[in-house]
Amino acid sequence: TELFIGGGLFLLVVAVEERWAPAAVLAGVCATLSFLTRPDGLLVVLMLLGFATLALTFAHHRHRSRRVCVAALAGALVLSPHALWNAYSDNRGYSLTNGLPSLALVLLVLGAVVLGGAVLYRFDWTVIAARLERGGAQRGVRALIVSAVVVAGVVLYKRGALLGETMTTFSGRIIPAYNERNLRWLGYFTTRVGLVIAAGGLTVVTTPRWRLRRWLLVLPGGLLAPLYLWEAKISPRLMWWGRRFVPAVLPLVLVLMAVALAYLLAHRRRDVRTVGAVLSIGLLATFVSQSWPLRAHDEFGGSRPLVAHIGELVAGKGALVLWEAPRAGDVFDPSRVLPAPVWLEEGAVSAVLRAVPTVAQVRAYRAVYPERTVFVATHGAAVPAGLTALDWRRVEDLSVRLDYWEESVSHRPSFVDHYDVALYLWRLEA
């Protein structure tokens with residue numbers, strides 16, 4: 001995804017700079033292709049279509065720029081039907097579960113974008129942009145942008161205190177959604193000072209001179225950032241941020257931070273350059289201090305040898321391993337995470353037993369795999385009560401401590417935690 005996004009934006013910049021329409025077509029295709037894996041990528045596709053339409057509107061009085069924008073729009077349109085089919089036909093259930101807008105609403109918004117673009121197309125934006133670039137107008141626009149960013153930042157950062165905690169439903173249960181913490185979590189990657197610097201970078205990008213190449217830096221991520229920061233519809237475990245913030249929002253913030261620091265470091269006043277140098281050094285030191293402990297960390301180091309050892313104990317391809325049902329709420333339970341690698345890497349067919357296993361269930365599995373030796377993996381040093389009628393022999397007791405990085409929804413994870421794996425293997429003798 002990141003490769004296609006980066007390639008698409010690079011080609012779009014080339015197209016704008018060189019007025020090369022084929023690059024714009026490829027840019028539209030690449031950027032759209034990036035978001036076709038999941039149905040909720042439709043929102044990004046719609047954003048790209050709207051962005052291309054907006055760019056076309058502003059390029060009205062520049063023939064070569066207009067040709068490039070038309071090409072980018074055409075490229076984005078090539079795969080848009082697939083995005084619609086994926087969201088409203090093939091994976092309609094996913095779209096309903098995640099609250100994607102209805103097809104009627106999507107088509108209505110697209111129609112409004114096209115109609116609005118047609119109306120705005122009549123304006124001479126070169127004259128309007130020239131007026132906005134005058135000193136007084138620039139100061140007014142800058143003040144408006146700064147005020148909007150400050151207000152939005154305060155509301156998002158203090159959302160929990162101002163508007164209360166957000167809740168959602170999952171498998172029929174009401175659970176915290178943690179949307180009020182989205183901006184704070186983004187600060188884990190960029191630091192809170194970095195967020196303030198990025199806000200300053202936004203004013204630098206949007207106010208000095210109104211050029212399409214500058215807006216390319218902020219519009220793709222800028223249109224999605226408010227949506228995801230308000231309601232991300234994602235697990236609070238930050239490993240899942242790869243679906244939302246990492247491809248679009250995080251690059252935007254980092255680019256804006258770089259723009260702001262470059263502006264300060266290149267300023268004509270020495271005191272401003274000094275501030276830029278201090279902020280740059282401080283951010284670098286902070287990033288190093290946060291990432292250095294991770295350099296030597298091996299997430300769940302030793303789990304692969306554990307899987308290989310289980311494969312040796314059960315004789316790999318000749319085994320059928322039945323796993324005791326996972327314990328509720330334990331995301332690292334061996335019966336939840338080990339059956340798949342034991343099967344796919346070691347060749348031992350694996351299956352998770354019911355919460356209350358029975359002899360009939362074991363016999364049913366044995367009937368399907370009569371040539372395989374049957375094993376059962378349990379959490380405790382005793383076979384589940386429902387299976388005691390069979391003849392089992394304990395093969396080995398496994399006890400391993402695995403390291404993993406701390407998980408938290410209230411603060412930035414910063415230290416190594418441990419998970420003790422205790423597993424007992426039994427072989428069916430008769």
Side-chain angles (χ1 to χ4, degrees), residues 37 93-94 170-173 235 237-240 242-243 297-407 416-430:
T37 305
Y94 179 94
F170 180 76
S171 299
R173 297 179 292 118
S235 167
R237 300 178 70 192
L238 298 188
M239 63 178 290
W240 298 112
R243 299 182 188 173
H297 174 65
D298 185 8
E299 185 77 352
F300 287 109
S303 55
R304 180 66 190 90
L306 174 63
V307 170
H309 183 54
I310 293 175
E312 293 176 359
L313 292 175
V314 300
K317 296 182 179 180
L320 164 64
V321 183
L322 304 177
W323 301 75
E324 190 176 3
R327 291 162 292 203
D330 187 353
V331 296
F332 300 141
D333 188 292
S335 296
R336 191 184 304 276
V337 298
L338 290 180
V342 167
W343 186 349
L344 299 179
E345 295 183 12
E346 301 300 325
V349 174
S350 294
V352 178
L353 294 168
R354 299 191 185 99
V356 181
T358 63
V359 171
Q361 187 180 9
V362 174
R363 286 175 176 165
Y365 278 115
R366 186 176 177 82
V368 177
Y369 301 98
E371 74 286 356
R372 290 179 176 260
T373 304
V374 180
F375 293 83
V376 65
T378 64
H379 302 119
V383 174
L387 303 181
T388 54
L390 298 174
D391 184 13
W392 300 96
R393 184 176 73 85
R394 192 190 300 189
V395 176
E396 188 162 341
D397 304 343
L398 299 173
S399 180
V400 179
R401 166 163 285 194
L402 302 178
D403 295 338
Y404 71 97
W405 202 250
E406 176 201 11
E407 293 188 355
V416 176
D417 208 341
H418 309 284
Y419 183 83
D420 293 319
V421 177
L423 197 64
Y424 299 85
L425 277 175
W426 310 76
R427 184 174 64 200
L428 183 62
E429 292 295 291

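Predicted model only: the values in this text are computed from it and were never measured.
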Heavy-atom closest contact (Leu402 atom, Gly301 atom, distance): CD2-O, 3.4 Å

Residue pair Leu398 / Leu313: nearest heavy atoms and the distance that separates them: CD2-CD1, 4.2 Å

Any donor-acceptor pair under 3.5 Å from Glu299 side chain to Trp405 backbone: yes

N/O donor-acceptor pair under 3.5 Å between Arg372 side chain and Lys317 backbone: yes

Sub-4.5 Å side-chain heavy-atom contact between Leu338 and Val307: yes

Nearest non-hydrogen partners of Gly329 and Arg336, listed with the distance: N-NH2, 4.4 Å

Exam field: side chain Thr378 to backbone Val383, donor-acceptor pair closer than 3.5 Å: no

Audit row: Tyr419, Asp330, side-chain contact (heavy atoms from CB on, under 4.5 Å) steps and yes/no: CA-CA 11 Å; Tyr419 183 83; Asp330 187 353; 2.9 Å; yes

Arg304 and Glu346 ion-paired at < 4.0 Å: yes

Shortest non-hydrogen contact between Val352 and Tyr365, atoms and distance: O-OH, 4.3 Å

Leu322 vs Trp426 side-chain heavy atoms within contact, under 4.5 Å: no

Reported CZ-to-OG1 distance for the pair Arg366 and Thr373, which is rounded to 0.5 angstrom: 8.0 Å

Test item: Leu353 and Leu387 side chains (from C-beta on) under 4.5 Å apart, heavy atoms: yes

Heavy-atom closest pair, residues Pro339 and Pro334: CD-O, 3.3 Å

Closest non-hydrogen atom pair between Val400 and Leu306, with its separation: CG2-CD1, 3.9 Å

CZ on Arg427 to CH2 on Trp392, rounded to 0.5 Å: 11.5 Å

Aromatic ring pairing Phe332/Phe300, orientation class (parallel under 30°, perpendicular over 60°, tilted between): perpendicular

Any pair counted as side-chain hydrogen bond (donor to acceptor under 3.5 Å, both in side chains), so long as it reaches residues 348-363, sequence neighbours left out: Trp323-Ser350

Criterion side-chain contact (heavy atoms from CB on, under 4.5 Å) on Ile310 and Leu423, from CA distance to verdict: CA-CA 10 Å; Ile310 293 175; Leu423 197 64; 3.9 Å; yes

Any side-chain heavy-atom pair of Val376 and Val362 under 4.5 Å: no

Asp333 (side chain) donor-acceptor with Arg327 (main chain) under 3.5 angstrom: yes

Glu324 (side chain) donor-acceptor with His379 (main chain) under 3.5 angstrom: yes

